[in-house]
Every structure is written in C-alpha cells, then in structure tokens.
Amino acid sequence: MEKAAEGNTEKGTHVAVKGEAALRPEFITTKEKFHGFVDSEWQGSKGEKARDNGTAEEAKATCVEEPEVKKFKPDTEEGNKAGKPDSKRLRGQNKSRPHKKPTTYDEKRLCLSVIQENRECPFGDKCYFYHDIAEYMASKPADIGESCYLYDTFGKCPFGLCCRFAKAHTTPDFKTMENTDLVKAREGKIPVKNSLSKDLQYRLRKHSVAFEKSAEYLKTLSNNRDKKEQQGNGEARAAQVSAGPTGGEQHASTEAGTQLPSSTDKQPPVKTVGPLTDADVIKLRPCEKKQVDFRDKLYLAPLTTCGNLPFRRVCKRLGVDITCGEMAMCTNLLQGQQSEWALLKRHESEDLFGVQVEGCFPDTMTRCAELINNNTEVDFVDINSGCPIDLVYKKGGGCGLMTRTRKFEQIIKGMDYVLDVPLTVKIRTGVQEKSNMAHKLIPEMKNWGVSMITLHGRSREQRYTKLADWDYITTCSKLAGPIPLFGNGDILSYEDAMKAKETGVAGIMIARGALIKPWIFTEIKESRHWDISSGERLDILRDFSNFGLEHWGSDTRGVEKTRTFMLEWLSFMCRYIPVGLLERVPQKINERPPYYMGRNYLESLMASQNVGDWVRISEMLLGPVPKNFNFLPKHKANSYK
Ligand SMILES: Cc1cc2nc3c(=O)[nH]c(=O)nc-3n(C[C@H](O)[C@H](O)[C@H](O)COP(=O)(O)O)c2cc1C
C-alpha cells in the first residue's frame with residue numbers, strides 16, 4: 001500500500017492514507033496506544049475494566065478462571081497482522097499452521113462404561129479412565145457457566161456429567177436431571193438432517209450401493225465414445241482431453257462409467273439398458289424435477305471452515321435466504337467418510353439449502369449426485385467450478401473444469417440426469433487474469449441442464465487482488481438469461497448490494513461480507529446501515545457459541561471445537577469498522593482500518609487484529625482456554641488488497 005502520510009499520529013492530525021478506511025479523527029490512534037489500552041484494560045476473570053453496557057459484566061460471570069492468553073511475538077505472522085501488512089504473507093491460506101492438533105484437552109476422561117449407565121468396563125483394572133464419578137468431578141476443570149444451553153433448550157443434555165455446564169443439570173449425588181415437559185415437547189423433532197447412517201457408510205465401504213441412474217447415464221458416454229471411435233474421431237477427442245490442466249491420459253482412462261478404475265468404482269452389477277443417445281438423456285430427465293425460485297434472494301456463499309452449520313444458523317437469524325454447505329469432495333462422500341458427510345448437514349432453520357460438491361470426473365460426480373439425491377434432503381446441488389486451490393485445480397477440478405469443457409458438460413449432464421432437485425454451478429471469470437472465459441462458457445452451459453449460475457467476478461490467478469469485475473458480471477448475466485445468474489464479489493453494505501442488483505443480476509451471493517458482519521443481510525433487507533453496538537455483536541457471538549455447543553458438543557472437546565471455529569470467524573470479524581466511527585459510510589471491503597479506539601472497551605477489543613485478543617473474546621463466552629491451546633487461522637483474512 002502506498003502511504004500518503006507516515007502512519008497515524010495524534011488525534012485529529014491523521015492524514016488519509018491510500019487504501020485505508022476514513023475514520024473520524026477522534027477515534028484514530030497509534031498501534032502502541034491501541035495495544036497498550038487493550039492489554040492494560042483487560043482484567044481477565046475479574047473483568048472490572050472490561051466494560052460494555054453491562055455485557056462484559058456477563059462475560060465476567062462466565063470466566064471463572066484466570067485466562068491464560070498466549071502472547072504472539074511481533075515477528076510472527078500474527079504479530080505482523082497488527083503491523084505493516086506484507087502483501088505476500090497476508091494472502092491465501094496459512095499453510096504452515098500446525099497439522100498435529102492435540103487430540104484431547106482432557107487429561108483423563110470419564111470411562112464410557114460409567115457414562116453409559118454403569119455397564120461393565122471391558123478393560124477392568126487396566127482402564128486408564130475414571131470410574132469413580134466423584135473423583136472425576138473433582139478433577140474436572142470448573143464449569144464455564146451457570147446454565148446449560150442444551151438442557152435449557154432440549155430438556156436434557158446428552159453430555160451429562162462431562163458437560164462443561166454440568167452443574168445446571170447434576171444433582172448433589174451426581175445424577176443427570178431431565179426436564180420431562182421440555183423433552184416431551186421436543187419429541188420426534190429432528191433439528192439436523194443429512195447425517196450419514198451407519199448402514200449407508202457400511203454399504204459405501206463395501207461398494208454395495210447401487211447407482212442405477214448413474215449407470216444409465218454413464219452408458220451413454222461409453223456408447224457415444226464407441227461411436228466416435230468407430231467414426232475415427234479418436235484423435236480429436238484425445239486432443240480435447242489433453243487440454244485439461246493435468247494432461248490427457250489420466251482423464252481419458254476415467255471417462256466411461258463401466259471401465260473406471262477409481263477407488264469408488266467397484267459397483268455391483270446393475271441392470272443394463274440399451275444404448276442411450278444425448279436426446280434420450282434429455283427425454284429421460286424427469287419433468288417433475290423440483291423447481292426452486294432463486295430470484296431476488298440473498299445467498300450466503302459456501303465457505304470452507306467458516307460456513308459451518310452454527311454460523312449459517314446465525315446468518316439465518318439475521319435474514320439470509322439461501323444457505324449452502326461447505327465444499328465437499330465427491331470421492332470422500334462416495335467412500336462414506338464421516339467428516340465429509342458432516343458438511344452436508346442441514347439445520348431445520350435452513351429452509352432453502354443446498355450442498356456444494358467438487359470433483360473432476362463424470363463418473364464420480366454423477367454417482368455422488370445420485371448418492372446425495374437418494375440419501376439427503378437438499379433443495380439444490382452446486383458444483384464448485386470456481387475453486388482455485390492447487391489440490392483441486394491440479395487434478396482438473398474446481399475452476400480447472402472451466403478449461404475442460406467436454407468433461408464439464410458430461411459432469412453437468414450426468415448430475416442433472418440423476419438429480420430430482422436443481423443443479424447449480426459456481427464459476428469464476430476464468431483462470432488467468434486477462435483472459436476471461438465465463439462469457440464463452442455460459443451460453444453453452446444453458447444447454448447442459450444448469451438451473452442457476454453464480455459468477456465470482458475474479459479469476460483464479462487474481463484471488464482476492466483487485467475488486468471483482470461487476471461490468472463483466474453484468475455482461476455474463478445477460479448472456480445467461482433466462483437462467484438466473486447470481487453475482488458474487490466484494491459486497492459489504494446494502495449500498496453495494498443495491499448497486500449489484502441494478503446490474504440486472506438475478507440475485508447476489510455474499511461471502512467475506514457475511515463473515516465480517518453477518519448482520520449485512522438485515523441491512524440489505526431493511527436498506528440501512530446498522531450502527532450495531534459491541535454488546536449486540538457479542539450477543540451474535542453468544543448465539544454462535546450456543547449453536548456450536550449444540551453442534552459440536554458441550555464437553556471439553558465440543559467447547560474447544562466451538563472456540564476454534566469462533567476464532568476462524570473472528571479473524572474476519574475484526575475487520576468490521578463500526579458505522580458510528582466512520583467519516584464516510586459505507587465501509588469498503590478493500591479498505592484497511594487505521595488503528596482506532598472503539599466507543600467502549602469491547603468495541604476496541606473487537607477491532608484488534610491480534611489472535612491473542614480474539615482468544616480473549618472467545619473466553620468471554622467459552623471460558624478459559626486449556627493449557628495446551630494453540631490457534632493459527634486457516635485463512636489469512638487480513639489480506640486487504
Ligand atoms: C473463508 C472462505 C472460504 C471459502 N470457501 C468456499 C467454498 O467452500 N466454496 C466456494 O465455492 N467458494 C468458497 N469461497 C469463495 C467465496 O464463496 C466467494 O466466491 C468469494 O469469497 C468472493 O466473494 P466475496 O467477495 O463476497 O468474499 C470461500 C471464501 C472464503 C473467504
């Protein structure tokens with residue numbers, strides 16, 4: 001960033017710096033003063049000085065132990081975030097973050113045999129875990145708070161004595177209480193759908209799941225290929241295949257359904273059908289396919305790691321219409337991997353919900369779509385053909401598909417053929433910065449069976465550098481008609497959203513804007529700037545914390561998982577600049593704030609770009625971090641370029 005002045009100086013003497021948001025001078029400070037204030041005011045468990053309209057008082061009540069906040073040295077990446085931005089370091093993912101996470105934060109846990117109603121422990125004397133409940137309870141870290149969200153919401157807490165809020169539902173003789181009225185009222189309600197059943201997992205692992213519709217479709221590919229080969233067109237096809245990012249041979253060998261060597265390929269014999277032509281496929285496509293009206297809806301982008309179910313619930317409360325699961329890899333789903341299936345989970349509040357998949361071959365993608373179709377409840381399935389990461393791109397997936405049009409076509413047609421719900425596609429402008437290709441692809445895609453297209457107005461090469469190209473999005477949206485095209489890129493205010501809609505796009509998708517300020521959906525729906533207080537922001541984080549405990553668990557493991565995902569989110573949220581502090585509204589996504597003081601302690605703390613301060617915020621809601629706690633955000637959210 002080119003600086004017009006030597007940083008921020010005393011109040012009132014601040015000179016606007018290129019690339020920096022314009023703040024009212026009375027709030028601007030220096031790095032040293034900012035950190036000095038945040039550190040000196042922090043009182044940890046006592047919380048006397050951590051004040052914010054009473055909200056930090058509540059925080060005081062929940063932090064029962066002295067928080068042990070890790071200090072981050074200024075020469076580390078975290079330290080650097082608070083200092084002068086280094087454009088190379090602050091872009092993309094933190095690939096060097098520790099891979100080995102501690103498997104457990106509990107030194108010793110209660111034996112499962114005790115948790116499961118005193119059944120006999122198969123390990124007897126050799127068992128490492130606690131069998132004496134009183135001994136376990138005495139060894140457990142102090143409860144985080146007085147009330148348990150799970151017990152209060154559902155009438156019982158499945159984590160019983162292991163819950164970190166256990167006092168709320170434990171009798172003096174260590175029995176777990178239940179609120180029978182509430183339990184009865186919730187009977188039969190399943191708040192989260194799309195879990196992988198043990199039976200399906202077993203069948204997937206044994207390759208005994210039938211993919212009948214996929215087989216029908218894939219047969220058409222092998223028939224078409226045979227015909228072409230007979231016509232002597234083999235050479236032309238090989239040339240087309242080799243145009244993909246990984247070269248030809250590998251892909252050519254995996255083209256036709258029945259001859260595929262992939263790990264998911266050993267399928268049981270299925271009923272064979274006669275040769276199908278492209279025209280047959282179109283005829284066979286069920287007319288009763290579920291219709292979804294996407295137009296004029298607000299779409300929360302699929303967000304790996306950050307777009308987890310608790311975060312999406314937060315956004316639903318704040319007005320988003322369409323939600324989508326984090327990108328799932330089709331081969332992992334076909335292998336029945338529990339962790340991948342977790343990405344398909346849908347909360348009951350998600351009334352228009354889709355899942356996003358990634359893959360590079362027609363056979364696996366088609367089968368994956370059939371698997372999802374037959375075993376989950378989703379309103380649409382999205383193909384991520386915008387994914388830029390090497391792991392995906394180099395295999396020909398993600399935005400690599402945009403350069404492999406024949407394969408892309410086969411994937412889309414196959415998935416559309418097996419799905420009873422609409423198929424949507426998310427693309428970028430192209431791969432290289434100066435050679436847009438979406439406009440060439442979109443007219444073709446219209447004939448392949450996509451029901452909606454989302455266009456992120458940047459290329460793979462570009463990542464987040466430069467603003468999204470909304471002129472190009474406008475051009476593409478016209479080409480896409482009558483298929484709705486959603487525009488995606490850089491929306492951070494209702495004004496940005498209004499301008500985007502004026503381009504004629506069918507709808508808008510928001511990614512970082514929702515992470516920085518999830519209330520953006522309320523702002524857009526109510527056409528206003530919301531000068532949200534830090535207390536209200538903490539309440540939103542509290543919702544996340546409760547939803548996280550419900551999703552990941554209220555035992556130590558669940559608490560720490562909730563914390564980790566909250567910290568990932570806070571790495572984006574710290575970029576929000578309160579409306580009341582801005583000289584010029586609205587905040588722009590590519591503008592970095594100068595160091596500033598908030599209107600109260602919590603607002604200042606929330607503005608910190610220091611991991612240690614995010615940990616402090618998490619401690620207000622989730623109690624002190626365990627001794628061996630370590631965190632480095634996955635995404636370098638602070639790349640302002
Ligand atoms: C943390 C993070 C995770 C993302 N994960 C995905 C993903 O799983 N699938 C996807 O299609 N795009 C993903 N994206 C890209 C966004 O969906 C979106 O296209 C991009 O951020 C541009 O929108 P924005 O300018 O509103 O942020 C991710 C972006 C971020 C910041």
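Every number for a ligand or one of its atoms is a count from 1 in the order of the listing. Below, each value reflects all heavy atoms present in this structure, side chains not excepted, and no hydrogens, waters or symmetry copies.
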Counting heavy atoms only, which of Leu455, Thr454, Asn488 comes nearest to atom 19 (O) of ligand 1?
-> Asn488
Assess Arg528 against Trp530: is NZ or CZ under 6.0 Å from the centre of the six-membered ring, and within 45 degrees of the ring's axis?
-> yes
For ligand 1, which atoms have a heavy atom of Ala301 less than 4.0 angstrom away?
-> 17 (O)
Mind listing the closest non-hydrogen atom pair of Lys446 and Leu479 along with its distance?
-> NZ-O, 2.8 Å
Contact with ligand 1 for Gly489, non-hydrogen, under 4.0 angstrom = yes
Polar contact flag, side-chain donor to acceptor under 3.5 angstrom, Arg428-Ser459 | no
Which of the atoms in ligand 1, numbered in the order shown and given with their element, are less than 4.0 Å from a heavy-atom of Arg458?
-> 25 (O)
Please determine if Arg346 forms a cation-pi arrangement with Phe353, meaning its NZ or CZ atom is less than 6.0 Å from the six-membered ring centre and no more than 45° off the ring axis.
-> no
Lys NZ or Arg CZ of Arg460 over Tyr393 ring: under 6.0 Å, within 45° | yes
Derivation of the ring-ring contact (aromatic ring centres under 6.0 Å, His included) call for Phe294 and Phe380 | CA-CA 10 Å; Phe294 291 104; Phe380 63 94; 5.5 Å; yes
Atom indices of ligand 1, in the order listed, that fall short of 4.0 Å to a heavy atom of Arg512 | 24 (P), 25 (O), 26 (O), 27 (O), 31 (C)
Taking distance alone, with no angle check, do Ile491 and ligand 1 share an N/O pair under 3.5 Å?
-> no
Without hydrogens or angle criteria, can the side chains of Thr305 and Glu568 be said to hold a donor-acceptor pair below 3.5 Å?
-> no
For ligand 1, which atoms, with element, lie under 4.0 Å from some heavy atom of Met327?
-> 8 (O)
Close-contact set for ligand 1 against Asp490 heavy atoms, below 4.0 Å | 24 (P), 25 (O), 26 (O)
Location of contacts on Asn384 toward ligand 1, heavy atoms closer than 4.0 Å = side chain
Quick one: does Glu370's side chain have a donor or acceptor within less than 3.5 Å of a partner on Ser214's backbone?
-> yes
Going by the atom numbers of ligand 1, which of them fall below 4.0 Å from some non-hydrogen atom of Lys426?
-> 10 (C), 11 (O), 12 (N), 15 (C), 16 (C), 17 (O), 18 (C), 19 (O)
Glu326 N/O to ligand 1 N/O under 3.5 Å = no
Say whether Ala511, considering both its backbone and side-chain N or O atoms, lies within less than 3.5 Å of an N or O atom on ligand 1.
-> yes
